Structures are given as C-alpha cells and as structure tokens.
Protein chains: 2
Amino acid sequence: MRPLVHPAIEDVQPEAILYALSDPRRAAIFARITKAGCVEACSAVSAVGDQVIPKSSLSSHFKVLREAGLIRSERHGVEMRNHSRCAEVEARFPGLLSAIMNAYAAQAR
Amino acid sequence: MRPLVHPAIEDVQPEAILYALSDPRRAAIFARITKAGCVEACSAVSAVGDQVIPKSSLSSHFKVLREAGLIRSERHGVEMRNHSRCAEVEARFPGLLSAIMNAYAAQAR
DNA sequence: TCCCATAGTTCGGGATTTCGGAACTATGGA
DNA sequence: TCCATAGTTCCGAAATCCCGAACTATGGGA
C-alpha cells in the first residue's frame, strides 16, 4: 500500500482545488471536516445527504481532496483522521475557500 | 442549429462554475473575456498560452462557460461576441469569482 | 501466536465524459 | 448565386469515473 500523498502547500494548485470542490459530495465532505476540525474518514461519512456512497468511491473522494491539498489524512490505529488544511490554503489563496463554501451554502437556501 | 443556452442567474449552480473554471484553459479564456469586457469568440482565442486549441474544442469550452452562467454569447453577423456575466455572478455568489481569479493569478507568479 | 473484525485501498472493467478532425450550418459580402 | 469566414455538430478514439470484489493494514481477543 503506497503512502498517502500530501502536497506541500506551495505546490497546491487552484485547478485541483476547484476540481475537487466541483463535486457537491466532495464539497459536503470537506465542509463537514472543516466544521468538525477532524472527521474519522469513510465510515463516519458513509452517506452525503440521503445518498449512500460505496466505500471505494468514498476512498477515492478522500484521495482527490487529499491530493488537492484540502485535507490531511493520518492513520490512528485502524481508522483514519482527516483534518482540514483550510488555514494553510487560506494563507495561500485568500478568500477562496470561504467564497466557495458560501456559494454552496447560498445555493442550499 | 439549436439556440444557445443561457441560464437565468438564479439557476446558476456553484458546482458548474467550479467545474468550468477548474480547467486552466477555460479559466484563462474567462479571464480574458472579463478583462476585455467582450471578446470575439474562438477565432480571437485560437490559442491559450502557447497551446493551440482546435476550434471544435474551443467551441465546447465556450459552451461549458456559457451553460455554467459565466458568459453570455450573442451572434453579431458572422461572429460571436462573448460577454462576461461576472457582475451578475458576483451578486449571486459574493467574492467567488474574484477569489478564483486571484488564485490563478497568484499561482502564475 | 493465530484468527477475526474493522477501516481503507487497490484492481478491473463497464459506463460516462472529453478530445479533436471532418462535415455541416449560418451569415455577410462580392 | 457563390464564396469565405465563424461556429456548431457528429462521431470514434482516448481518458476518466464509478463501484463491486479482492486485498492490505491494524488492533484486539482467545
């Protein structure tokens, strides 16, 4: 099993962030992680809204978020803890994440 | 030839905007249109950076931008004029477009 | 130590999307 | 009417996405 990929913040690309968050399920997962500070992956997020997501799909969603630089995943025993990197990303691209998350929130209303 | 699709501003979805701008070429095209106020499509944008884009691909990039609600295209004689809808989008999703365009600009530096 | 349960990752292949050349359509001018 | 220019549509190849099944990793028990 290859090690998890976490890009250095200076290697994080806007296109990867936009792509990652252009999927409403990934955006919802990211919002949950950011709000909670830390979410136990996959098992804790087995569904988004009323939509059940197979665990292989979930795993790849986490991978996309991770490789875009939006989250950091570390194994703690048998489970994974995912932390939002939103402070780092905010420093690199000011206003980006909050504008995106606000846009989704505005749409929901 | 079907008529061009321009969503009403209240039907514009964040995911479509993020997806449209997650392609650096589309983001560059959008930046150019927004900066210029109006660009004659396709023929005027035959390349992005040093990369030549075939006109069928260019046509579909414009379609993605149009259907995401980012631009408005109108035919003027034989050519098309594309206008940025950034003021409308800004009103609906405050800060979103400027944060995205700033992120791309920051990356370029 | 061995076996099991839990949590995620990887694999494989079918479905969907994207890319781009060729053909087609629309418009204006000669 | 014919031609040139500007874009769109079509369609097959390539790339990507999706998700079930198989696999890997870790932490308990017994």
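Chain A is the first sequence line, chain B the second, and so forth, proteins listed ahead of strands; every chain is numbered from 1. Quick caveat, the model's predicted, so the values are computed rather than measured.
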Would you say [X] reaches [N]'s phosphate, i.e. side-chain N/O to OP1/OP2 under 4.0 Å?
{"X": "Arg25(A)", "N": "dC17(D)", "answer": "no"}
{"X": "Ser59(B)", "N": "dT8(D)", "answer": "yes"}
{"X": "Tyr19(A)", "N": "dC17(D)", "answer": "yes"}
{"X": "Arg66(A)", "N": "dG8(C)", "answer": "no"}
{"X": "Ser57(A)", "N": "dC18(D)", "answer": "no"}

Atom [atom1] of [X] to atom [atom2] of [N]: distance rounded to whole Å?
{"X": "Met1(B)", "N": "dT25(C)", "atom1": "CE", "atom2": "C1'", "value": "4 Å"}
{"X": "Leu58(B)", "N": "dA6(D)", "atom1": "CG", "atom2": "P", "value": "12 Å"}
{"X": "Arg75(B)", "N": "dG28(C)", "atom1": "CZ", "atom2": "P", "value": "8 Å"}
{"X": "Arg2(A)", "N": "dT10(C)", "atom1": "CZ", "atom2": "P", "value": "5 Å"}
{"X": "Met80(B)", "N": "dA26(C)", "atom1": "CE", "atom2": "C1'", "value": "10 Å"}
{"X": "His61(A)", "N": "dC17(D)", "atom1": "NE2", "atom2": "P", "value": "10 Å"}
{"X": "Asp23(A)", "N": "dT16(D)", "atom1": "CG", "atom2": "P", "value": "17 Å"}
{"X": "Asn82(A)", "N": "dT9(C)", "atom1": "CG", "atom2": "C1'", "value": "14 Å"}

Notebook entry, point to check: Ile53(A) or Gly77(A): which one's nearest nucleotide on DNA chain D is closer to the 5' end?
Noted result: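 Its nucleotide being nearer the 5' end, the pick is Ile53(A).
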
Note to self: Which is more 5' along DNA chain D, the nucleotide nearest Arg26(A) or the one nearest Lys55(A)? Just name the residue.
What the structure shows: Arg26(A)

Note to self: Using modelled atom types and a 3.5 Å cut-off, is there a donor and acceptor pairing between side-chain atoms of Ser22(A) and backbone atoms of Tyr19(A)?
What the structure shows: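 At least one qualifying donor-acceptor pair exists.
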
Note to self: Checking Leu18(B) against Ile100(B) for the side-chain contact (heavy atoms from CB on, under 4.5 Å) test, could you report, in this order, the C-alpha distance in whole Å, the side-chain angles of both residues, the deciding distance, and whether it holds?
What the structure shows: CA-CA 9 Å; Leu18(B) 297 187; Ile100(B) 293 173; 3.9 Å; yes

Next item on the list: Tell me which of His76(B) and Ser60(A) sits closer to the 5' end of DNA chain C, going by the nucleotide each one is nearest to.
Entry: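 Nearest-nucleotide comparison on DNA chain C picks Ser60(A).
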
Note to self: I want to check a possible cation-pi pair here: Arg25(A) against Phe30(A), using under 6.0 Å from ring centre and within 45° of the ring axis as the test.
What the structure shows: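 No.
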
Notebook entry, point to check: Counting side-chain heavy atoms from CB outward, which of dT5(D), dG20(D), dA22(C) is closest to Ser56(B)?
Noted result: dA22(C)

Notebook entry, point to check: Can you find a side-chain donor-acceptor pair between His61(B) and Arg26(B) that sits under 3.5 Å?
Noted result: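 The criterion, which ignores hydrogens and geometry beyond distance, is satisfied for Arg26(B) and His61(B).
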
Next item on the list: Tell me yes or no: between the side chains of Arg72(B) and His6(B), is some donor less than 3.5 Å from an acceptor?
Entry: no

